[in-house]
2 protein chains.
Amino acid sequence: MARVSQEHLDARRRQILDGAASCFARNGFHATSMQDVLKEVDLSAGAVYRYFSGKEELIAAIVTEVLDTVRGIFERAAQESPPPTPDVLIPRALARMREQRPATLEGGEWMFPRLMIQVWTETTRSPELAVVLGDGYRNVRTAWGEIVESYKDAGLMPADADADAMARTMIALVQGFAAQMALFGGISEQTLGDGLRALMSVGRAPADT
Amino acid sequence: MARVSQEHLDARRRQILDGAASCFARNGFHATSMQDVLKEVDLSAGAVYRYFSGKEELIAAIVTEVLDTVRGIFERAAQESPPPTPDVLIPRALARMREQRPATLEGGEWMFPRLMIQVWTETTRSPELAVVLGDGYRNVRTAWGEIVESYKDAGLMPADADADAMARTMIALVQGFAAQMALFGGISEQTLGDGLRALMSVGRAPADT
DNA sequence: CAACTTAAAACGAACGTTCCTTCTTGACAA
DNA sequence: TTGTCAAGAAGGAACGTTCGTTTTAAGTTG
């Protein structure tokens with residue numbers, strides 16, 4: 001087909017990205033061959049190479065899409081006003097993640113957390129991607145640090161608590177639950193909320209470090 | 001060398017495992033070629049293939065070593081009596097991890113968290129490894145669930161809290177911080193402790209789910 | 001028909017692995 | 001103690017396969 005519509009081109013590109021994402025979520029970036037992707041999207045090499053210059057670019061496109069999604073989730077969570085307490089904020093962020101990227105594998109496993117951990121491993125390999133991830137992380141850290149400050153303002157927690165450390169800890173919770181979703185599946189945001197509430201109910205013992 | 005001592009054989013095997021671990025931590029399992037490993041350990045193919053039947057077996061050996069280490073850390077943490085509160089227990093678990101597997105890459109990055117995330121991606125590919133990981137996770141969940149119960153017994157938290165959910169949440173914290181260490185480096189267990197204390201100091205809002 | 005997309009075959013490079021050779025070692029006889 | 005030998009560990013070239021990519025030809029649509 002010649003001079004095909006822009007919608008067609010966009011749709012093809014998306015088809016390739018979606019198919020590649022399935023492959024990558026299933027097998028990882030480097031254990032997935034181009035031929036796996038070609039079979040998944042049911043296109044020939046010539047077609048795919050018209051939209052992406054190579055495997056590297058395909059990987060990079062998917063990695064940045066995942067990172068953008070995650071960054072968006074975190075930042076949207078930070079914009080809620082007034083900010084909910086962590087036991088609501090964090091599960092809600094994960095729920096939004098599922099709303100926004102609901103795709104599943106054949107087995108029913110939710111694809112996105114799997115892609116996340118694949119992206120993590122890939123960023124340790126690629127300095128360029130590491131920069132993107134690092135920038136996003138820094139922004140999220142400050143945004144969530146501001147949430148913590150607002151907790152303080154609302155009298156929900158002592159003013160001398162370490163806001164940045166708490167922000168990082170909340171981010172770690174999201175990452176850790178994403179990991180558990182990817183690895184074991186069948187774990188709901190509800191569980192995270194219950195666990196967080198339980199954790200926040202623990203009376204502190206005197207620090208003994 | 002013929003009929004060489006058992007210590008020699010063990011040392012060679014360890015040399016190969018250590019070198020391969022460096023490669024894998026740096027580039028991941030499937031972006032690392034056998035020739036990369038051969039160069040890293042400064043041995044020929046003939047030598048390495050005398051100790052491991054192939055790349056798969058090498059990967060499996062390293063994955064199970066990592067999983068065993070992590071499981072050991074979690075279980076040892078669960079055996080402390082009386083159990084410290086989470087803000088002490090969890091950073092201590094990570095500190096023990098560093099004690100036990102202190103190896104670093106050339107750049108000074110701590111190798112073990114990187115290996116952990118590589119292992120996560122590999123377990124999603126291999127049903128056998130997924131079983132090993134799943135079994136370990138189940139055990140850790142119950143062990144840490146018992147810690148939570150002992151918190152309740154000690155009057156540190158309400159008796160109706162969801163112990164299993166809290167155990168999973170604490171595990172998620174360990175995983176999330178491991179991810180941050182792998183991805184961004186330069187984050188101390190101290191930060192996790194501070195963040196956790198801050199998190200535990202937040203007054204709960206009424207549940208609104 | 002012209003413009004351009006797609007299919008399919010084919011390419012060189014790199015992969016994991018094997019195979020045969022070379023070298024090293026420990027045991028044993030003298 | 002020394003010299004010899006068999007066993008086996010290590011070396012390294014070579015194998016067949018599979019990889020990512022390119023090229024060429026056919027097909028399709030405005």
Side-chain angles (χ1 to χ4, degrees), chain A residues 1-63 118 121-122 125-126 128-129, chain B residues 1-63 118 121-122 125-126 128-129:
Chain A
M1 23 181 138
R3 191 93 302 206
V4 94
S5 70
Q6 184 64 38
E7 295 90 59
H8 175 93
L9 296 175
D10 291 348
R12 268 272 183 279
R13 194 186 149 90
R14 181 107 304 275
Q15 170 189 1
I16 293 169
L17 282 172
D18 289 347
S22 286
C23 290
F24 292 153
R26 206 185 302 119
N27 268 332
F29 295 116
H30 301 284
T32 297
S33 70
M34 272 301 192
Q35 325 210 3
D36 291 336
V37 175
L38 300 182
K39 182 175 295 184
E40 177 81 24
V41 301
D42 205 40
L43 284 170
S44 69
V48 169
Y49 275 84
R50 201 151 291 282
Y51 294 87
F52 296 92
S53 73
K55 193 182 184 182
E56 290 272 302
E57 188 173 308
L58 197 46
I59 292 175
I62 290 197
V63 169
Q118 298 292 346
T121 63
E122 192 61 16
R125 272 175 45 78
S126 157
E128 299 87 40
L129 294 178
Chain B
M1 16 178 144
R3 194 89 301 210
V4 94
S5 72
Q6 186 63 38
E7 293 92 59
H8 176 92
L9 295 175
D10 292 348
R12 267 275 182 278
R13 196 185 148 89
R14 181 107 302 275
Q15 169 189 1
I16 294 169
L17 282 172
D18 289 347
S22 286
C23 291
F24 293 153
R26 205 184 303 119
N27 268 333
F29 294 117
H30 301 286
T32 298
S33 71
M34 272 300 186
Q35 325 211 3
D36 291 337
V37 175
L38 299 184
K39 183 175 295 185
E40 177 82 23
V41 302
D42 205 41
L43 283 170
S44 67
V48 169
Y49 275 82
R50 199 156 291 283
Y51 293 87
F52 296 93
S53 73
K55 192 181 183 182
E56 289 270 302
E57 191 174 305
L58 196 47
I59 292 175
I62 289 197
V63 169
Q118 299 292 346
T121 63
E122 192 60 17
R125 275 175 43 79
S126 156
E128 299 87 40
L129 294 178

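Chain identifiers are assigned alphabetically (A, B, ...) following the order of the sequence lines, protein sequences preceding nucleic acid strands; residue numbering begins at 1 within each chain. Reckoned from all heavy atoms, side chains included, excluding hydrogens, waters and symmetry mates.
Atom P of nucleotide dT24(C) and atom CZ of Arg12(B) are separated by 13 Å, given to the nearest angstrom. Atom NZ of Lys39(A) and atom P of dG20(D) are 13 Å apart (whole Å). Nucleotide dA10(D) holds its C1' atom 18 Å from the CZ atom of Arg13(B), rounded to whole Å.
Taking side-chain N and O atoms only, His8(B) has a distance below 4.0 Å to OP1 or OP2 of dA10(D). When the side-chain nitrogen and oxygen atoms of Tyr49(B) are compared with OP1 and OP2 of dA10(D), none of them lie within a distance under 4.0 Å. Close to dA10(D), at under 4.0 Å from its OP1 or OP2, lies no side-chain N or O of Ser44(B). Of the side-chain N and O atoms in Arg50(B), none sit less than 4.0 angstrom from OP1 or OP2 of dG11(D).
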Quick test: give all pairs of protein nitrogen or oxygen and nucleotides 15-18 of chain D nitrogen or oxygen below 3.5 Å, distance rounded to 0.1 Å.
none

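Side-chain proximity of Ala47(A) to the nucleotides dA9(C), dA10(D), dT6(C) is greatest for dT6(C).
A distance of 11.5 Å separates CG in Asp42(A) from CD1 in Ile16(A), rounded to the nearest 0.5 Å. The structure places CZ of Arg50(A) at 12.0 Å from CG of Leu43(A), a figure rounded to the nearest 0.5 Å. Atom-to-atom distance recorded for Gln118(A):CD and Phe24(A):CZ is 9.5 Å, nearest 0.5 angstrom.
Phe52(B) comes within 4.0 angstrom of nothing in the nucleic acid, heavy atoms only. Residue Gly54(B) is in sugar-phosphate contact alone, with no base atom involved, counting any heavy-atom pair closer than 4.0 Å across all strands shown. In this structure, Thr32(A) reaches the sugar-phosphate backbone alone: every heavy-atom distance under 4.0 Å involves primed, P, OP1 or OP2 atoms, never a base.
In summary, Asp10(A) and Arg14(A) do not engage in a salt bridge, as defined by a charged side-chain N under 4.0 Å from a carboxylate O.
Side-chain contact check for Leu58(B) versus Met34(B): some heavy-atom pair is nearer than 4.5 Å.
Proximity of a side-chain donor or acceptor of Gln15(A) to a complementary backbone N or O of Val41(A) within less than 3.5 Å is detected. One N or O on the side chain of Asp36(A) and one on the backbone of Ser33(A) form a donor-acceptor pair closer than 3.5 Å.
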